Amino acid sequence: MSVPRLRFAPSPTGYLHVGGARTALFNWLYARKYGGQFLLRIEDTDKARSTDESTRAIFEGLEWLGLTWDEDVVYQGANLERHQVDARRLLDSGAAYRCFCTREELDQRRAEAEARKEPFKYDRRCDALPAAEVERRVAAGMPFTIRFRVPDGTTSWDDMVHGTISFPNKDIEDFVILRSDGTPIYNLAVVSDDIAMRITIVMRGDDHISNTPKQIMLYRALGAELPTFAHLPMIHGLDGKKLSKRHGATAVGDYQHMGILPQAMLNFLALLGWSPGNDIEVMTVPQMIELFSADGLLKKAAVFDTAKLEWMNGQHLSLLSSADIEPRVTPAIVRAGLATAGELAAKRDWYLALLDQLKVRSRTIDDIVRQAEPYLKDDITYDPAAEAKQWKDRPATADLLRAAGDALKALPAWEPPLMEEALRALAEARGLAGGKVFQPLRVALTGLSVSPGIFDVLVLLGRERSLARIDAAVRHLAG
RNA sequence: GGCGGUAUCGUCUAGGGGACUAGGACGGAGCCCUCUCAAGGCUCAAACACGGGUUCGAAUCCCGUUACCGCUACCA
């Protein structure tokens, strides 16, 4: 059994789309699971739409996800000569013929057929041209395309995900393989390259199912061995339509910038169109490789639901230690202007303790950054809603906070059990439930009505800062 | 229009003729825990597209219908 060779072959006409990322993921998982090779080919034959920028975006997206490829990147555009040679071989062997019909003529005939409500199929008129006439036209420099002559019969294959699929050849017209300018059409370029790259498994979106019979005919006419085909279902938006920009974020980079972890993205994508069974959902990347099996590949298109992605990210966040996520959080904090990397490094232990507190109540890296502000910045601002809710009776609150500050200040050590004892005693002395003390205090310390446990906040802030914030709140309330 | 593909809770899915009173997860509702918010635990609502077969028995197999998606270019 030969080593499986798979490839991901995006065209660089935009950013790395989540659908493309998932196709890449399944190819990669298959290669990793079965000891195969995963290759990357950039299909840049459409010069008008391809850009270096989007080629870079594809690399970046794949690298961020950790979907590494095994050999040098293949640029389809660099294989133009081989594509032409293959087209020529097909022409010479009689599997293809020259077509002198112009695009205008074709468009017109297509429109006429349309008007008559008939399906349009190229009528092979140029295939019927006498050899002498063909020669005359070529000699006269008439432009021509090369069309593949579709044989009679049926073309079918055993698809890895769909089982047997077959197409009556009569429904397939003699398709163009080489344009009049000498450049190849997609189907030729793909087959030519897949043969050259010795690809054994072609795993791609099921929007290519209709191209497959054409490609199979090309493989045969070229005398090449057929690869195994696996057609993955598409990804749709919430409205059931093929996922596109109007559904919001569709580029993997969008999710990277939203603070999604690559492993969570991969995990989520893997579950769209594949299931390991046994109700398993949250998986690390090694586990995904371990569990991956082509049997679990589904046929049905899946809807991309970001709510579940965020939940998944939260799951992965809790799987990681604060030290693991620190490299991803720090740049975001720096970008938000809350601290410099140097400042954070100087108090690393404290910083990691802070992350431990914040990550449990976060779903994304951005959530962590949002919550970190009161601990990283010197000044806090009181959230109006929190103030209105927890500081209703301002004089009484000022008094309560002053007392709480005094109690805390009197503590022999800055430790949670002592804090709790003192604060609960204060509450009891005033006939209040603990929360009636903790909540106003939380606002004084963080400016917010939501935070980690109050004693954790006190520890994170430290004695001096906590006491100072309480003082400031008392002054604010009195003033 | 032609051809192809697909069809289980709103969403991701388990399910491979009897173990189905159709399971899990997200989201939703509620309860517990609790100083808030999360996390966690528990509970509830929620689906086999429809119609015919085959079979003692169908979510599972077959056929048809419907719906949705894709392809139908000198795009990829």
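Labels below follow one simple rule: chain letters A, B, ... track the order of the sequence lines, proteins then strands, and each chain is numbered from 1. The structure presented is a predicted model; accordingly, all values stated were derived computationally and were not measured.
Mapped onto RNA chain B by nearest heavy atom, E118(A) and D456(A) fall at different nucleotides, with E118(A) at the one closer to the 5' end. Where Q371(A) and L309(A) meet RNA chain B, the nucleotide closest to each residue was compared, and L309(A) sits on the side nearer the 5' end.
In terms of heavy-atom proximity, L266(A) sits nearest to L65(A) at CD2-O, 3.1 Å. Minimum heavy-atom separation, V459(A) to P416(A): CG2-CG, 3.8 Å.
Going from the P atom of U13(B) to that of A46(B) covers 23 Å, rounded to whole Å. Across the P atoms, C33(B) and C37(B) are found 14 Å apart, a figure rounded to whole Å. On the C1' atoms, G52(B) is 28 Å away from A14(B), given to the nearest whole Å. On the C1' atoms, A47(B) is 26 Å away from G41(B), given to the nearest whole Å. Comparing G64(B) with C26(B), their C1' atoms sit 36 Å apart, to the nearest whole Å. U21(B) and C9(B) are spaced 16 Å apart, taking the C1' atom of each and rounding to whole Å. On the P atoms, A45(B) is 32 Å away from C35(B), given to the nearest whole Å. Comparing A7(B) with U11(B), their C1' atoms are spaced 15 Å from each other, to the whole Å.
For K121(A) (side chain) and E173(A) (main-chain N/O), no donor-acceptor pair under 3.5 Å exists by modelled atom type. The main-chain N or O of G77(A) is found under 3.5 Å from a side-chain atom of D44(A) such that the two form a donor-acceptor pair.
Within the nucleic acid shown, S11(A) comes within 4.0 Å of sugar-phosphate atoms alone, with no base atom in reach, counting heavy atoms only. Residue T102(A) is classed as a base contact, given a heavy-atom separation below 4.0 Å to a base. Note on P452(A): a base of the nucleic acid sits closer than 4.0 angstrom, heavy atoms only. Across all strands shown, F167(A) has heavy atoms under 4.0 Å from sugar-phosphate atoms exclusively, and none from any base. In this structure, C99(A) reaches neither bases nor backbone, as no heavy-atom distance under 4.0 Å exists between it and the strands shown. Within 4.0 Å (heavy atoms only), R424(A) reaches sugar-phosphate atoms of the nucleic acid but no base atom.
When both pairing distances are held under 3.5 Å, G40(B) makes a Watson-Crick or G-U pair with C32(B). Base pairing analysis places C71(B) opposite G2(B); the two distances defining the Watson-Crick or G-U wobble pair are each below 3.5 Å. Summarising the base pairing, C56(B) is matched to G18(B) through a Watson-Crick or G-U wobble pair whose two defining distances lie under 3.5 Å. For G27(B), there is no paired base (Watson-Crick or G-U wobble, both distances below 3.5 Å). Of the nucleotides present, A7(B) is the one that pairs with U66(B) by Watson-Crick or G-U wobble criteria, both distances under 3.5 Å.
For the OP1/OP2 pair of A73(B) and a distance below 4.0 Å, the side-chain nitrogens and oxygens of R110(A) include at least one atom meeting the criterion. When the side-chain nitrogen and oxygen atoms of S50(A) are compared with OP1 and OP2 of A76(B), none of them lie within a distance under 4.0 Å.
The side chain to side chain contact (heavy atoms under 4.5 Å, CB included) check on S321(A) picks up A323(A), D324(A), with sequence neighbours excluded. Residues passing the ring pair (Phe, Tyr, Trp, His ring centres under 6.0 Å) test with F175(A) are F148(A), sequence neighbours excluded. Take R98(A) and apply the side chain to side chain contact (heavy atoms under 4.5 Å, CB included) test, not counting sequence neighbours, and it matches R88(A), L91(A), F100(A), V134(A), V138(A), F144(A). With sequence neighbours excluded, no residue satisfies ring pair (Phe, Tyr, Trp, His ring centres under 6.0 Å) with H162(A).
In this structure, N211(A) places its CG atom 19 Å from P of C69(B), rounding to the nearest Å. At whole-Å resolution of the value, CZ in F148(A) and C1' in A73(B) are 18 Å apart. In this structure, R204(A) places its CZ atom 12 Å from C1' of C71(B), rounding to the nearest Å. Atom NZ of K436(A) and atom P of U34(B) are 17 Å apart (whole Å). We find that NE2 of H231(A) is positioned 11 Å from C1' of C71(B), with the value rounded to whole Å. Atom pair Y375(A):OH and C37(B):C1' shows a separation of 10 Å (rounding to whole Å applied). Between N313(A) atom CG and A25(B) atom P there is a gap of 20 Å when expressed in whole angstrom units. Between D174(A) atom CG and U72(B) atom P there is a gap of 16 Å when expressed in whole angstrom units.
Cation-pi geometry between R147(A) and Y122(A) is satisfied (NZ or CZ under 6.0 Å from the ring centre, within 45° of the ring normal).
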Return the polar atom pairs (N/O with N/O) between nucleotides 38-47 of chain B and the protein under 3.5 Å, or none.
| from | atom 1 | to | atom 2 | distance (Å) |
| --- | --- | --- | --- | --- |
| A38(B) | O2' | V360(A) | O | 3.0 |

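For Y15(A) and F59(A), the ring centers sit 6.0 Å or farther from each other.
Under a cut-off of 6.0 angstrom, the local environment of CD in E81(A) is sparse, with at most 12 non-hydrogen atoms contributed by other residues, nucleotides or ligands.
Between W274(A) and F26(A), the ring planes lie perpendicular to each other; the angle is over 60°, past the 30° to 60° tilted range.
Counting only heavy atoms from C-beta on, P168(A) has its side chain closest to C3(B) among C3(B), C71(B), A76(B). Here the side chain of V450(A) is nearest to one of C37(B), A76(B), C3(B), namely C37(B).
For S180(A) and C74(B), a side-chain-to-base donor-acceptor distance below 3.5 Å is present, hydrogens and geometry of angles not being considered.
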Where protein sits on nucleotides 5-15 of chain B, one letter per nucleotide: B base, S sugar-phosphate only, - none, heavy atoms under 4.0 Å: SSSS--SBSS-
